[in-house]
There are 2 protein chains.
Amino acid sequence: MDREQSPSMEDYLEAISVLARGRKVVRVTQISNMLGVKKPSVTSALKKLREANLIEHERYGYVELTSDGQRVADDVFRRHEILRHFLVEILGIDQERASEDACKMEHAISSVTAEKLSKFVDFVLSRPQGEPEWLKSFKHYSEHGNFPAECVTKCEREK
Amino acid sequence: MDREQSPSMEDYLEAISVLARGRKVVRVTQISNMLGVKKPSVTSALKKLREANLIEHERYGYVELTSDGQRVADDVFRRHEILRHFLVEILGIDQERASEDACKMEHAISSVTAEKLSKFVDFVLSRPQGEPEWLKSFKHYSEHGNFPAECVTKCEREK
DNA sequence: TAACATTGTTAGCCGATATTAACAGTATTG
DNA sequence: CAATACTGTTAATATCGGCTAACAATGTTA
């Protein structure tokens, strides 16, 4: 049930997948830049990933994900996006920190939990009325430390 | 802004702190059992933690947290509990998986995000009416894949 | 095509963290 | 108090994932 790849290898796969989107080919230097590691680290990671049949890579050549590699990369990226979305849209964390936290947490959260979290976010945000009032109140409270006037009166009324 | 201790060292400190609660003294074997590592691993971790002034430990003696060590352990444990609480009470994840996930995520989440998450859980659960209707609906939906009857009619009404 | 710039690899190293095997210290108890 | 059982440490080793320095391959351009 545990992850078959280490956080580090997951990062490499995710980076390759993201880089492969725009441009046609992926090269060592791009991966190195994206992950903030030196090129020899990339080379040795690629060796390992190739031996695990997650990428194709010939000496001095381009890097491509195999279908297995793509699957793993997609899984990681999905967890990343679910977490980031939750942090930004529900908790109201700023984009930058949300991405940072998601980058770390994506390797720690189980798939089951991630899917549940995804459902939760969808559930909260996809109501017919749009973002619910209580969430707006939370964000206001969270930012200003007090409740918006309407909320207080509403709460009083409901008591 | 980054964690000053590695995930591994955080785990040792947290374990020591938890073990110290019930019993009077903490010993190597207990830590070893709790974390599922062999005793020599504990010994070398303790050496490192002692050098960082996070624990007191004499050869063949008991283990105690310093005030610095206790502070770090408390921080980690707090993040753990915030995450576990969220996973269980909001997402409805079962206890066991929630604890497992929290154990991993506690090392990845930033303190800022953890505190925001804590506020969120408090906000949702501490309404005057108790657990809100929408959350009950989510849990029902999440478990059964459909919406409880009252929710649907309520949603229709509100459209 | 020769010189240069860029890119990628290799070799060797390091620190972190875990392991096993062997040993040393401590505690219990007959 | 001596034998035994338990607990903890040491030493040696492994794996992982990063690094630098040096070199090799590739690509560009004068």
Side-chain angles (χ1 to χ4, degrees), chain A residues 2-16 19-20 22-65 69 72-73 76 103-104 106-108, chain B residues 2-16 19-20 22-65 69 72-73 76 103-104 106-108:
Chain A
D2 236 5
R3 223 110 274 166
E4 66 278 25
Q5 293 300 314
S6 66
S8 178
M9 292 305 119
E10 284 191 345
D11 279 336
Y12 282 105
L13 291 170
E14 193 182 17
I16 293 164
L19 286 167
R23 5 210 162 182
K24 6 217 159 297
V25 297
V26 179
R27 330 193 73 228
V28 167
T29 304
Q30 297 172 334
I31 302 171
S32 160
N33 289 335
M34 170 162 286
L35 294 180
V37 298
K38 301 300 177 182
K39 288 184 288 184
S41 308
V42 177
T43 300
S44 72
L46 295 185
K47 178 163 180 283
K48 218 181 142 185
L49 293 172
R50 187 162 32 72
E51 285 166 355
N53 283 306
L54 295 167
I55 62 166
E56 281 169 38
H57 177 228
E58 288 172 3
R59 266 176 63 117
Y60 297 99
Y62 303 133
V63 181
E64 278 179 302
L65 293 170
V72 175
V76 179
C103 273
K104 306 256 188 72
E106 70 193 14
H107 308 294
Chain B
D2 237 6
R3 224 110 273 167
E4 67 277 26
Q5 294 299 315
S6 65
S8 178
M9 293 304 120
E10 285 190 345
D11 279 336
Y12 282 105
L13 292 170
E14 193 183 18
I16 294 163
L19 286 167
R23 0 207 165 185
K24 5 213 160 300
V25 297
V26 178
R27 328 190 79 237
V28 168
T29 304
Q30 298 172 333
I31 303 171
S32 160
N33 290 335
M34 169 161 287
L35 294 181
V37 299
K38 303 297 176 185
K39 287 184 289 185
S41 309
V42 177
T43 300
S44 73
L46 294 184
K47 178 166 180 280
K48 218 182 141 184
L49 293 172
R50 186 162 34 71
E51 285 165 356
N53 285 308
L54 296 167
I55 62 167
E56 282 169 37
H57 178 230
E58 289 171 2
R59 264 176 66 116
Y60 298 100
Y62 303 133
V63 181
E64 279 179 301
L65 292 170
V72 175
V76 179
C103 273
K104 305 259 188 71
E106 69 192 14
H107 307 295

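Residue numbering restarts at 1 for every chain, and letters A, B, ... go by the order of the sequence lines. Predicted model, so just to flag it, every value in this text is computed and none were measured.
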### Message
Base, sugar-phosphate or nothing for Ser8(B)? Non-hydrogen atoms, less than 4.0 Å.
### Response
sugar-phosphate
### Task
Report the C-alpha separation of Met9(B) and Leu54(B) in whole Å, then their side-chain angles, then the decisive distance to 0.1 Å, and conclude whether the side-chain contact (heavy atoms from CB on, under 4.5 Å) test is met.
CA-CA 10 Å; Met9(B) 293 304 120; Leu54(B) 296 167; over 6 Å; no
### Query
Of the residues in residues 45-64 of chain B, which ones touch DNA chain C at a heavy-atom distance under 4.0 Å?
Lys48(B), Arg59(B), Tyr60(B)
### Glu14(A) vs Leu35(A), side-chain contact (heavy atoms from CB on, under 4.5 Å): CA-CA, chis, key distance, verdict
CA-CA 10 Å; Glu14(A) 193 182 17; Leu35(A) 294 180; over 6 Å; no
### Query
Touch check for Ser44(B), heavy atoms < 4.0 angstrom, all strands: base, sugar-phosphate only, or nothing?
nothing
### Query
So do the side chains of Arg27(A) and Tyr62(A) get within less than 4.5 Å of each other, counting heavy atoms only?
yes
### Query
Quick one: does Tyr12(B)'s side chain get under 4.5 Å of Val42(B)'s, heavy atoms only?
yes
### Query
So which of residues 27-41 of chain B are in contact with DNA chain C, with a heavy-atom cut-off of under 4.0 Å?
Val37(B), Lys38(B), Pro40(B), Ser41(B)
#### Entry: Contact check, side chains of Met34(A) and Ile16(A), non-hydrogen atoms, under 4.5 Å
no
### Query
Can you tell me how far C1' of dG17(D) sits from NE2 of His107(A), to the nearest Å?
14 Å
### Query
Hey, does the side chain of Tyr12(A) come within less than 4.0 Å of dG18(D)'s phosphate (OP1/OP2), counting only N and O?
yes
### Test log, rule side-chain contact (heavy atoms from CB on, under 4.5 Å), inputs Val76(B) and Leu13(B)
CA-CA 9 Å; Val76(B) 179; Leu13(B) 292 170; 6.0 Å; no
### Task
Any chance you could lay out the side-chain contact (heavy atoms from CB on, under 4.5 Å) test for Val26(B) and Leu65(B), step after step, and finish with the verdict?
CA-CA 10 Å; Val26(B) 178; Leu65(B) 292 170; over 6 Å; no
### Message
It should be established whether Ser6(A) places a side-chain nitrogen or oxygen under 4.0 Å from OP1 or OP2 of nucleotide dG17(D).
### Response
yes
### For the student: nearest non-hydrogen atoms of Lys38(B) and Ser32(B), plus distance
C-OG, 4.0 Å
